[in-house]
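Worksheet: one structure, shown below.
Below, read A as the first sequence line, B as the second, and so on, with proteins coming before strands; counting in each chain starts at 1.
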Amino acid sequence: MDSISYYLQTVLNGILAGCIYALFAMGLTLIYGVLNFVNFAHGELIMWGAYFLFLFMGEPFGLPLYAAIFPALALTGCLGLAMDYSVFRPIRRANRLTLLIAAMGLSVFLRNAAQFFWGAEVRTYGLEVTAGMRFFGLYITAPQMAIIAVTLLCVAAVYLLFFKSRLGKSMRALSDNLDLARISGIDTKRAILAAWVISAVLAAVGGILLALDTNLSPEMGVINLIKAFAATLIGGVGNLWGALLGGMLIGLAENLGVLFISPGYKDAVAFVIMVIILLARPYVIIGERSD
Amino acid sequence: MDLLLHLAIVIAIYAIFALSLNVEVGYTGLFNFGHVAFFAIGAYTSALLTLAGAPFSLGLLAGLAAAGLCGYLLSIPALKLQGDYFGIATLGFGEILRMIVNNEVWLTKGPMGLPGIPRPDLFGVVFDTLPAYLALSGVFALVTFAILAFVVLSPFGRALKAVRDDETAAEILGKNAFRFKIKSFVIGSVFAGLAGVLWAHYTTFIGPGDFTLTETILVLLIVVMGGKGTFLGPVVGAVALIFFQESVRFLRLPPEWTRLLGPLQQMVFGLLLVVLMVFRPEGIIREKGGRRGD
């Protein structure tokens, strides 16, 4: 491969990774916007989404990929709701440290529950590996094309939901000011539940795409949580389109960074970007809300 | 008997580790989720120096200095973040430090780890038996307790609490909240480094697998369960949880169970954190003057 197409291939790989990070970051930033806290267990929704698909594709279900996706997404949505119902709702008005430690505990619980059931080893869905197709000298595999198509689909759905529906409007009102939304007669309970489902489903979609392209392990949540967080920080916290952009930037930076640094440090790139942003913008105003 | 001595040593080391985190989480309200990084920095610094032939005293001092310096360097960008964001930044730092340990094979031997770390000798005494090591770590634990109690009771400690409870009010009273947080973070890092040094010379082998998020969670649970922002909380937590963890390790279970035991134990720890936060966020010992639910 000549050097120009090598660089283009790297950019393409960056965009593919960026799509997935964008899906993670949008879910994370959504919950932050509505509930004003960072869901440390978001990484576990990513991981469980991927494992739910693994569950339905394996024995005793043995469903094909396209059929197994639906129950996997539905279950991850339920997991998001269960998290809120059992942990976060009882301590909604508690102070931040309490919320944060509870989220951390939940994350530990869910990560190890996956390891308990499926073991710590790295797995794949066992699909046939197909040769990549060639476009203008660039290679792209079927799962990678799915990444681009599904991300576009998700972004379109999120746009329609948030800016064209009543439910989306109420969620935006909520993230602007909870109390004001409540006294304006907005059904805040319903909006919060919807936010959890959307956040969890976006996490599961991203997790499944990532696992299709690479593999799945119980540890996949934590590292992607950090990347999603870096992406939300780039785009401005609570800002959906910012998260999309931030995710893309992180994906590109990671893949282009490997041209200069050892691949062993690929996962560190997001963190370094985060530190640079913090140093350059000394006081990041977090979560501008009026309540 | 050896088992009891082993338990007591591990409890002493984790008490130091937990006391150091308590300065940050309990007294200053900093959500440090990468505390294990400073434990690792202390452990690796001292292990590398003593393996190269340096005396233990030098390794110890260098371990504390390295942990403190890294704490200072991290705190400058990270403390510009508030609350949960600081939490993720420190979580990221912990993961990156482990990446460095895994990748810089020339220095750390990577995943192979460092075997044969010498037992400490101080003032001509070699601490190579369990009772001797218990005496050493016990003395260090008491010194840590005394120093941190002194720090917390001093006007400096009251300023930390003021920053924790109401940053704006503390700033209005002329306290530079950012500087107080940095100092608190550095103090916490130095003592985490001390715990790491003691750990490295006790186990005589360290590798990247010893310094995972799991350790941070354990020490966080120790502080939170014992009672954050109290003197005795971290000690009580360390006794209870280390006793639980180490005794499970010595149960004679069939090998196919032990594979499940690790994750199961972590599930219990995670669940404990959640249950504590929902039903008793203040832990076993409640901070005096602390409001309920804080």
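Rounding to the nearest 0.5 angstrom, the gap separating the CG atom in A:Leu99 from the CE atom in B:Met277 is 10.5 Å. The CZ atom of B:Phe31 lies 12.5 Å from the CE atom of A:Met104; values are rounded to the nearest 0.5 Å.
Counting heavy-atom pairs closer than 4.5 Å to chain B, the top-ranked of the candidates A:Val222, A:Leu225, A:Ile101 is A:Ile101. Counting heavy-atom pairs under 4.5 Å between each of B:Ile88, B:Val25, B:Leu260 and chain A puts B:Ile88 at the top.
Heavy-atom neighbours of chain A within the stretch residues 93-104 of chain B, taken at a separation under 4.5 angstrom, comprise B:Phe93, B:Glu95, B:Ile96, B:Met99, B:Ile100, B:Asn103, B:Glu104. Scanning residues 261-274 of chain B against chain A with a 4.5 Å heavy-atom cutoff picks out B:Pro263, B:Leu264, B:Gln266, B:Met267, B:Gly270, B:Leu271, B:Leu273, B:Val274, ordered by number.
At a 4.5 Å heavy-atom cutoff, the contact between B:Val224 and chain A is made by side-chain atoms alone. Neither the backbone nor the side chain of A:Phe117 comes within contact range of chain B, judged by heavy atoms closer than 4.5 Å. Contact annotation for A:Phe116: both backbone and side-chain heavy atoms come within less than 4.5 Å of a heavy atom of chain B.
For CZ of B:Phe243, the number of neighbouring non-hydrogen atoms (other residues, nucleotides, ligands) closer than 6.0 Å is 12 at most. Atom OH of B:Tyr72 has 12 or fewer neighbouring heavy atoms from other residues, nucleotides or ligands inside a 6.0 Å radius. The number of heavy atoms from other shown groups lying within 6.0 Å of CZ (A:Arg92) is above 12.
Take B:Glu24 and apply the salt bridge (Lys or Arg N to Asp or Glu O under 4.0 Å) test, not counting sequence neighbours, and it matches no residue. The salt bridge (Lys or Arg N to Asp or Glu O under 4.0 Å) test applied to A:Arg123 returns A:Glu121, not counting sequence neighbours.
In this structure, the side chains of B:Phe33 and A:Leu100 come closer than 4.5 Å at one or more pairs of heavy atoms. Contact of the A:Glu219 side chain with the B:Leu213 side chain is not registered, since no non-hydrogen atoms from C-beta on lie closer than 4.5 Å.
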